[in-house]
2 protein chains.
Amino acid sequence: MKKQVTIKDIAEKLGFSVSTVSRALKDHPDISIKTREAVKELAKLLGYKPNRIALNLKNSKTYTIGLLVPETQHYFFSTIINGIEEVAYENNYNVMVFQSNDKYMREVLNIQALLSNRVDGVLVSYAKETRDFSHFQQIIDNEIPLVFFDRIKKDLHADTVSVDDYHGAFQAVSYLLGKGCRRIAIYSAPQHLLLGQNRLRGYKDALEKNGIPFNKDLVYSCDTYQDAIKISRSIFKKKDMPDGLFAVNDMTALGAMKAARKLGISIPEELKIVGFENSLSSSICDPELTTVDQFGFEMGKKATKLLLKRIEQNSFDYTPEHLQIKTQLIERGTC
Amino acid sequence: MKKQVTIKDIAEKLGFSVSTVSRALKDHPDISIKTREAVKELAKLLGYKPNRIALNLKNSKTYTIGLLVPETQHYFFSTIINGIEEVAYENNYNVMVFQSNDKYMREVLNIQALLSNRVDGVLVSYAKETRDFSHFQQIIDNEIPLVFFDRIKKDLHADTVSVDDYHGAFQAVSYLLGKGCRRIAIYSAPQHLLLGQNRLRGYKDALEKNGIPFNKDLVYSCDTYQDAIKISRSIFKKKDMPDGLFAVNDMTALGAMKAARKLGISIPEELKIVGFENSLSSSICDPELTTVDQFGFEMGKKATKLLLKRIEQNSFDYTPEHLQIKTQLIERGTC
DNA sequence: GGAAAAATCTTTTGCGCAAAGGTTTTTTTC
DNA sequence: GAAAAAAACCTTTGCGCAAAAGATTTTTCC
């Protein structure tokens, strides 16, 4: 590969020292206007771009934030990434993305890569498989600011930004109850994820507040489209099928809708459904899906702003904040 | 922030020179086994991670590829990103993402950032606004390998990976004709994009081959969901509404479906639709959308493999390749 | 025992840049 | 016109690492 132009090249061509060129480019008052202009002109002519790598090394600052997500193509995550890149761009930071594919081992290796790359801060939504968090502790030990989003972990020295899962679930289930549902199933996320616990809690509390006893037979562990189709098919065939469904995310809600359609179950008449996400698909399907908006773009922005605040405050000695994004029930056709 | 552990720290603690530590860590035969082990042990204990920034500078190689896309949250692009990250991960490269938001100015600035960051190669799908390509020429002038994907540009010294848009369109329109359509509308991408031209060409040729005259009144410029709803509403109200629609992407197809449903037009009886993408939503809607699979994941992988090949071959003196991803018609309910 | 050979470690350099701290040249001032 | 002050430029250093080249110690072998 071709060598990029350096200040040394400019210095040699002009007969100045590198230091003069360096200062000229930054309008240092020590350098005469004439020299400054000559330097800048040649720099432009040669297409000089400051080598950020050299600066990174010198200042031990990379203006890069590391982003670790399960998978980029999930609508929710890709929306978050959009928000992250947005704020990063505004603040002249770069974003390095890593996927865990929900694999613990890959997550650990990715964290090593982030450390080697000396990113200034890290944004993480961890893998479903992850039970051990010592790789994240490593980041913290190096005093690199860390912000968890969506899938959060509260007992580490790290800020978190999450959806108000409890409130969202409570809202959704209350809404179903208000629409007359008395037998509401929940498709639930894994219970080792905080969001899984919180949504289930919201579900329970909403039932309780309305005098409906909690029935653990109506709790199904299910968080993908395919699973939802399979599980729904078996549930909807039963005599005592539910009259309402609160789904952990839009995809499972849509899976349930697909199964219901196949079985001739009419929505919302026989079954009312509320999803969680407000994905694109939720407004495309028919009937349109009532869902809880998670504001992924906002979450990405908030998480990044918080991270940049941590990066730019000089001390690592702070008390982690735990932000929550308010959800919003989007009333549409499935209720 | 805390200083990361360096070989110097290890050297001082152990009373060796930095060079000995450096060699010990790489099992250089000059260093005694005893020393090697002592060094490695302390390195592990202190959590030493080689500083990639220093290596980047020394070797003028960053093991980072720059990725520039219009927007991360488009399903197609997020799928591509998945493929890119996959291959990058396998080859120990990192991915830096930038969004143009389809803005030319932002694209130019992002390219400057990529240059400053001395990425080893660049993957680009350029902005809709982009007419001038000199910022990409700058990358090429620096002899940094460049691969365009999806939205490609052929007359630069850059490889390209694209969907076989012509064939996909031809296939889709032929299929509509085979199903009995005689008046097929097309929702077309901007004509300055090669993919827009190619798909329109495929549409025309398919008509021609089947003896249907091309009618420019059936060509609509439309490539978003909202536009599709608006345009469809007006088209479908006409007496001479089309009996078939070939849409530039799934979102516009879905927009048309939504409009049709509102107007009581039955699909596929009164109107048959083929999309382009095979997005998630396309199999969620009802009826399920017949569409052309673009294999985004494959595209991301192929583009990255090609880029890595260019990076790792020592010479910049190569003839650009132009790969095409074969499309596949997915027959579903809208035809 | 002593020179050659082998083993083991160290010093130095450069990657590109910026900043601290020099040096030289020019201008000012009495 | 000479000292002081200001302007304009230069040399050096360090960021962390690896590799070239050099230095020291230990071993080998007749």
Side-chain angles (χ1 to χ4, degrees), chain A residues 1-40 42-43 46-64 115-120 142 144, chain B residues 1-40 42-43 46-64 112-113 115-120 142 144:
Chain A
M1 297 302 139
K2 200 172 142 190
K3 236 179 106 297
Q4 305 263 78
V5 180
T6 71
I7 50 173
K8 196 178 167 191
D9 298 327
I10 299 175
E12 275 166 6
K13 289 221 167 133
L14 251 40
F16 289 120
S17 73
V18 287
S19 135
T20 301
V21 174
S22 169
R23 287 159 125 90
L25 289 170
K26 335 193 76 84
D27 278 321
H28 194 282
D30 261 16
I31 309 300
S32 69
I33 306 277
K34 208 178 127 203
T35 305
R36 283 188 224 173
E37 276 168 2
V39 168
K40 282 183 191 167
L42 187 60
L46 298 178
Y48 168 78
K49 292 265 149 351
N51 184 330
R52 201 145 187 186
I53 307 295
L55 290 176
N56 291 347
L57 182 61
K58 185 169 166 43
N59 305 326
S60 42
K61 172 135 182 66
T62 56
Y63 286 96
T64 298
L115 280 171
S116 277
N117 277 294
R118 299 296 196 268
V119 293
D120 291 341
N142 279 292
I144 296 170
Chain B
M1 297 302 138
K2 199 172 146 191
K3 234 178 110 295
Q4 306 263 79
V5 180
T6 72
I7 49 173
K8 196 177 165 192
D9 297 327
I10 300 176
E12 277 167 3
K13 290 219 166 134
L14 251 38
F16 289 118
S17 72
V18 287
S19 138
T20 299
V21 173
S22 169
R23 288 157 125 87
L25 288 170
K26 333 195 80 81
D27 277 321
H28 194 283
D30 262 18
I31 309 299
S32 68
I33 305 277
K34 207 177 127 204
T35 305
R36 283 189 225 172
E37 277 168 0
V39 168
K40 282 183 193 168
L42 187 61
L46 299 178
Y48 169 76
K49 292 263 151 352
N51 184 330
R52 199 147 188 183
I53 307 297
L55 290 176
N56 291 348
L57 181 61
K58 185 169 168 43
N59 305 327
S60 43
K61 172 136 182 66
T62 55
Y63 286 95
T64 299
Q112 304 311 317
L115 280 170
S116 276
N117 277 293
R118 299 295 196 268
V119 292
D120 292 339
N142 279 291
I144 296 170

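Keep in mind that this is a model prediction, so the values were computed, not measured. Worth knowing before you read on, the calculation uses all heavy atoms, side chains too, and leaves out hydrogens, waters and symmetry mates.
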Open item on the list: Under 4.0 Å from a heavy atom of chain B: give me the 5'-most and 3'-most nucleotides of DNA chain C that qualify.
Closed with: dT8(C) to dG16(C)
Open item on the list: Atom OH of residue position Tyr48(A) - does it have more than 12 heavy atoms of other residues, nucleotides or ligands inside 6.0 Å?
Closed with: yes
Open item on the list: Going by the rule side chain to side chain donor-acceptor pair (under 3.5 Å), which residues pair with Ser32(B) if we only count those two or more places apart in sequence or in a different chain?
Closed with: Thr35(B)
Open item on the list: Can you list everything that forms a side chain to side chain donor-acceptor pair (under 3.5 Å) with Thr64(A)? Sequence neighbours excluded, please.
Closed with: none
Open item on the list: To check you understand the geometry: which heavy-atom pair defines the closest contact between Ser116(B) and Pro50(A), and what is its length?
Closed with: OG-O, 3.5 Å
Task: Which residues share a side chain to side chain donor-acceptor pair (under 3.5 Å) with Lys58(A), sequence neighbours left out - done: none
TODO: State which residues pass side chain to side chain contact (heavy atoms under 4.5 Å, CB included) with Ser60(A); sequence neighbours excluded, sorted by chain then number.
DONE: none
Pair up each side-chain donor or acceptor in residues 4-14 of chain B with any protein partner under 3.5 Å, not counting sequence neighbours, and list the distances.
from: Thr6(B); atom 1: OG1; to: Lys8(B); atom 2: N; distance (Å): 3.1
from: Thr6(B); atom 1: OG1; to: Asp9(B); atom 2: N; distance (Å): 3.3
from: Asp9(B); atom 1: OD2; to: Thr6(B); atom 2: N; distance (Å): 2.9

Open item on the list: Just N and O in the side chain of Ser22(B): are any of them under 4.0 Å from OP1 or OP2 of dA18(D)?
Closed with: yes
- [ ] Please report how far the helix from dG1(C)-dC30(D) to dC30(C)-dG1(D) bends, comparing the axis fitted to its first five pairs with the axis fitted to its last five, to the nearest 10 degrees.
- [x] 60°
- [ ] Please state how far atom CD1 in Ile31(A) lies from atom P in dC9(D), giving the value in whole angstrom units.
- [x] 6 Å
Task: Set of residues satisfying side chain to side chain contact (heavy atoms under 4.5 Å, CB included) with respect to Lys40(B), sequence neighbours excluded - done: Leu25(B), Asp27(B)
Open item on the list: When you compare the side chain of Arg52(A) with that of Arg118(B), does any pair of heavy atoms fall below 4.5 Å?
Closed with: no
TODO: Output the residues of residues 51-63 of chain A in contact with DNA chain C, where contact means a heavy atom of the residue under 4.0 Å from an atom of the strand; sort by number or write none.
DONE: Asn51(A), Ala54(A), Leu55(A), Lys58(A)
Distances under 3.5 Å between nitrogen or oxygen atoms of protein and nucleotides 20-23 of chain D:
from: dA20(D); atom 1: N6; to: Arg23(B); atom 2: NH1; distance (Å): 3.4

Open item on the list: Which residues pass the side chain to side chain contact (heavy atoms under 4.5 Å, CB included) test with Glu37(A), not counting sequence neighbours?
Closed with: Ile33(A)
Open item on the list: If we ignore hydrogens and angles and just use 3.5 Å, is the side chain of Asn117(A) paired with the main-chain N or O of Val119(A) as donor and acceptor?
Closed with: no
Task: DNA chain D contacts made by residues 8-18 of chain B, counting heavy atoms under 4.0 Å - done: none
Open item on the list: With rounding to the nearest 0.5 angstrom, report the CG to CG distance, Asn51(B) to Leu57(A).
Closed with: 6.5 Å
Task: Any donor-acceptor pair under 3.5 Å from Asn142(A) side chain to Ile144(A) backbone - done: no
TODO: Could you check how far NE2 of His28(B) sits from P of dA19(D), rounded to whole Å?
DONE: 8 Å
Open item on the list: Rounded at 0.5 Å granularity, tell me how far OG in Ser19(B) sits from CD1 in Ile31(B).
Closed with: 6.5 Å
Open item on the list: With rounding to the nearest 0.5 angstrom, report the OG1 to CD1 distance, Thr62(A) to Ile53(A).
Closed with: 9.0 Å
